[in-house]
Amino acid sequence: MTEFTPVASLLGGALIGLSAVLLMAFHGRIAGMTGILSGLLPPLSSDWAWRAAFIAGAIVAPLLVMAVSGFTVDYSSPVPMPWIIASGLAVGVGVYFGSGCTSGHGVCGIARLSPRSIVATAVFLGVAMLTVFVIRHVLGGF
């Protein structure tokens with residue numbers, strides 16, 4: 001079970017919100033991670049530079065926090081690697097058919113009161129809850 005970390009969670013959420021606001025203010029773009037990342041895959045998007053900077057910041061910032069503060073995130077998973085890979089592929093399919101991910105719909109879309117994003121986020125969360133219920137209580141796993 002994970003620890004309760006209200007301060008770190010609040011700071012992380014505030015930084016995600018700030019990055020979304022700054023990206024919208026300076027570039028007029030939604031901070032949807034899959035949309036940003038897709039512009040870095042061939043063929044490169046014409047605005048690849050800010051996309052690369054955003055992704056680099058998302059990777060480097062936590063590493064800097066860990067280096068400066070000594071804070072580490074202990075992570076272990078009882079789930080076998082093939083299940084993790086299959087789950088990642090399923091999420092990718094969902095992102096494609098949902099026209100975006102939870103960062104774009106949940107963070108930015110709901111903040112703009114987008115009905116489509118509110119519905120998409122509700123569906124994402126509903127499917128996540130159903131998945132956890134089925135895996136834990138029906139299949140008796142993990």
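These values consider heavy atoms only, across backbone and side chains, with no hydrogens, waters or symmetry-generated copies. In what follows, residues are counted from 1 in the order of the sequence shown.
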Same cluster for [X] and [Y] if Ile/Leu/Val/Met/Phe/Trp/Tyr side chains link at under 4.5 Å?
| X | Y | result |
| --- | --- | --- |
| V123 | I118 | no |
| V65 | L15 | no |
| L10 | V7 | no |
| V107 | M33 | no |
| L23 | L40 | yes |

Heavy-atom side-chain proximity of L22 to H27 below 4.5 angstrom: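 When only atoms from C-beta onward are counted, H27 and L22 do not touch, as no gap falls below 4.5 Å.
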
Check: W50 and I36 side chains under 4.5 Å, non-hydrogen atoms: yes

How far apart are the closest heavy atoms of [X] and [Y], and which atoms are they?
| X | Y | value |
| --- | --- | --- |
| S117 | R112 | OG-NH2, 4.5 Å |
| F124 | G100 | CZ-O, 3.6 Å |
| C101 | V95 | CB-CG2, 3.9 Å |
| S9 | T5 | OG-O, 2.7 Å |
| W48 | G39 | CB-O, 4.4 Å |
| G35 | S38 | O-OG, 2.9 Å |

To the nearest 0.5 Å, tell me how far [X] [atom1] sits from [Y] [atom2].
| X | Y | atom1 | atom2 | result |
| --- | --- | --- | --- | --- |
| I16 | C108 | CD1 | SG | 10.5 Å |
| L18 | L11 | CG | CG | 12.0 Å |
| I30 | M24 | CD1 | CE | 3.5 Å |
| I135 | L130 | CD1 | CG | 9.5 Å |

Plane angle bin for H137 and F133 - parallel if under 30°, tilted between 30 and 60°, otherwise perpendicular: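 Because their plane-to-plane angle lies in the 30° to 60° range, the rings of F133 and H137 count as tilted.
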
